[in-house]
Structure formats: structure tokens, C-alpha cells
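Heads up, the thing below is written out as C-alpha cells.
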Amino acid sequence: MSALKWQGWLVGLVTLAGLLVFAPLGLYVWASGGGPREPAPRAAVEDVRVTGCRIDPASRRVVAAVEAAGRPQGPGGYLVTVEFRESQQPDPAGRAAQSLVRIPGVAPGATERGEAVGPVWPVATVPWCGVAEAEFSADEAAPPGAAPGAVPGAVPGITPGFAPGG
């Protein structure tokens with residue numbers, strides 16, 4: 001065989017190898033859409049903040065005022081874990097006290113408030129309150145014509161667990 005014939009075969013094999021490698025990659029990029037994507041939903045912690053931290057004079061417990069902003073996706077509720085510490089920097093040796101606060105029915109664009117009650121706080125120390133974590137749960141849509149606060153599946157006018165005349 002002549003050198004020219006080997007060069008032709010070599011060019012052909014290199015071209016075939018290139019197609020085998022880059023064709024699947026090109027199909028993958030093409031099939032993935034490549035267009036603009038919808039942004040990922042933001043974390044619930046970004047919607048919630050502590051607006052105040054005080055010690056209740058009567059009980060000496062720490063009370064944190066929590067504020068939650070509604071999401072544009074629709075109404076829902078937040079379950080917020082508030083942390084109480086002596087300083088903003090966490091203590092690696094100790095565990096901070098925590099409390100849960102539930103803020104239900106936050107409408108889109110609205111701001112709702114709640115309070116988290118913490119432990120009895122030592123005298124002469126200033127507390128720090130902050131959001132440890134938060135979860136958002138969307139409200140389920142009520143069926144058309146349902147009264148606000150109605151129990152799904154309940155018969156109007158009948159109180160569950162009540163037997164008339166008994």
C-alpha cells in the first residue's frame with residue numbers, strides 16, 4: 001500500500017472517532033434545551049428575619065419578634081426555628097437554646113409576624129436572637145365555595161364527636 005492510501009485511511013478514522021466522541025456531546029447539549037431556565041425557588045430563610053429580641057420582665061424569658069414575607073408563588077405558612085445565644089458568634093463547645101414559631105397564612109406580598117419564646121435568661125447578660133432555619137409550606141387550594149377555615153370532608157351543621165339527644 002502506498003503512503004497516500006494510508007493517509008486517506010488515517011483521515012477517515014480520525015473523522016469517524018471525532019464524530020463518535022462529539023456527536024453525543026452535541027446531542028446532549030441540544031436536548032438539554034440550552035434556553036433560559038426558571039430561577040430556583042429561594043430558601044425560606046431568606047423570607048424570614050428576627051426584628052426584635054427582648055427579655056420579658058415578668059417571666060425573665062427571651063422573646064424574639066419574627067417577621068415573614070410572603071412569596072409570589074402563593075399563600076403559605078412558615079415554620080421558623082429561632083436560636084438564642086449570648087453572642088452573635090456560635091459557641092463551638094455549647095449548644096444554643098432553640099424555639100419554634102409557626103407563622104401561618106402569609107399571602108403573597110404581605111408580611112406577617114410571630115413571637116418565639118425562649119428560655120429563662122440569666123441576669124446581666126444580653127441575648128442574641130437569630131433564625132437558625134425556616135421551612136415554607138404552600139397552602140392547599142380550598143375547593144370552590146368552601147368557607148374559610150372549613151374542615152375538608154366535614155358536613156355543614158354537624159359537629160364532629162357530638163351526638164344530638166345523647
Side-chain angles (χ1 to χ4, degrees), residues 25 28-166:
L25 180 63
Y28 174 75
V29 170
W30 174 74
S32 66
R37 294 203 174 151
E38 191 175 305
R42 65 179 187 244
V45 176
E46 295 177 21
D47 299 337
V48 179
R49 66 187 183 118
V50 172
T51 57
C53 188
R54 63 179 174 84
I55 298 175
D56 180 51
S59 66
R60 297 283 312 151
R61 291 183 172 272
V62 182
V63 179
V66 182
E67 190 174 86
R71 293 179 166 217
Q73 293 91 353
Y78 289 89
L79 183 63
V80 184
T81 304
V82 178
E83 196 167 71
F84 305 96
R85 298 192 298 244
E86 290 185 16
S87 68
Q88 188 171 0
Q89 302 303 323
D91 182 15
R95 221 177 105 136
Q98 294 183 339
S99 177
L100 291 175
V101 61
R102 183 178 169 160
I103 305 175
V106 183
T111 301
E112 298 291 335
R113 290 165 183 78
E115 282 191 340
V117 179
V120 174
W121 204 253
V123 180
T125 57
V126 179
W128 177 89
C129 306
V131 176
E133 66 181 75
E135 294 178 18
F136 175 79
S137 60
D139 287 347
E140 294 182 18
V151 177
V155 178
I158 298 179
T159 304
F162 176 75

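In what follows, residues are counted from 1 in the order of the sequence shown.
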Mind checking side chain to side chain contact (heavy atoms under 4.5 Å, CB included) for S59 and listing every partner two or more places apart, or none if nothing turns up?
-> D56, R61
Which residues share a side chain to side chain contact (heavy atoms under 4.5 Å, CB included) with A132, sequence neighbours left out = T81, E83, Q98
Residue pairs, two or more places apart or on separate chains, that pass side-chain hydrogen bond (donor to acceptor under 3.5 Å, both in side chains) and touch residues 103-124 = E67-R113, W121-T125
Qualifying residues under side chain to side chain donor-acceptor pair (under 3.5 Å), relative to T51, sequence neighbours excluded | none
Just by modelled atom types, is the V117 backbone N or O under 3.5 Å from a matching donor or acceptor in the S99 side chain?
-> yes
R71: partners by salt bridge (Lys or Arg N to Asp or Glu O under 4.0 Å), with sequence neighbours left out | D47
Show me the pairs that pass disulfide (SG to SG under 2.5 Å) and involve [range], at least two apart or across chains.
range           : result
residues 68-127 : none
residues 71-133 : C53-C129
residues 69-103 : none

For residues V80 and E133, determine if any side-chain heavy atom of one lies less than 4.5 Å from a side-chain heavy atom of the other.
-> no
Which is it for V66 and V82 under the side chain to side chain contact (heavy atoms under 4.5 Å, CB included) test, yes or no, and what are the steps along the way?
-> CA-CA 9 Å; V66 182; V82 178; 3.7 Å; yes
Evaluation steps, side chain to side chain contact (heavy atoms under 4.5 Å, CB included), between Q89 and S87 | CA-CA 5 Å; Q89 302 303 323; S87 68; 4.3 Å; yes
Residue pairs, two or more places apart or on separate chains, that pass ring-ring contact (aromatic ring centres under 6.0 Å, His included) and touch residues 70-94 = Y78-F136
Kindly give the heavy-atom pair with the smallest separation between V50 and A64, and that separation in Å.
-> CG1-CB, 4.3 Å
Where A134 and V48 come nearest, the two heavy atoms and their spacing = CB-CG2, 4.1 Å
Name the atoms and distances for all side-chain donor-acceptor pairs under 3.5 Å in residues 100-108, with sequence neighbours left out.
none

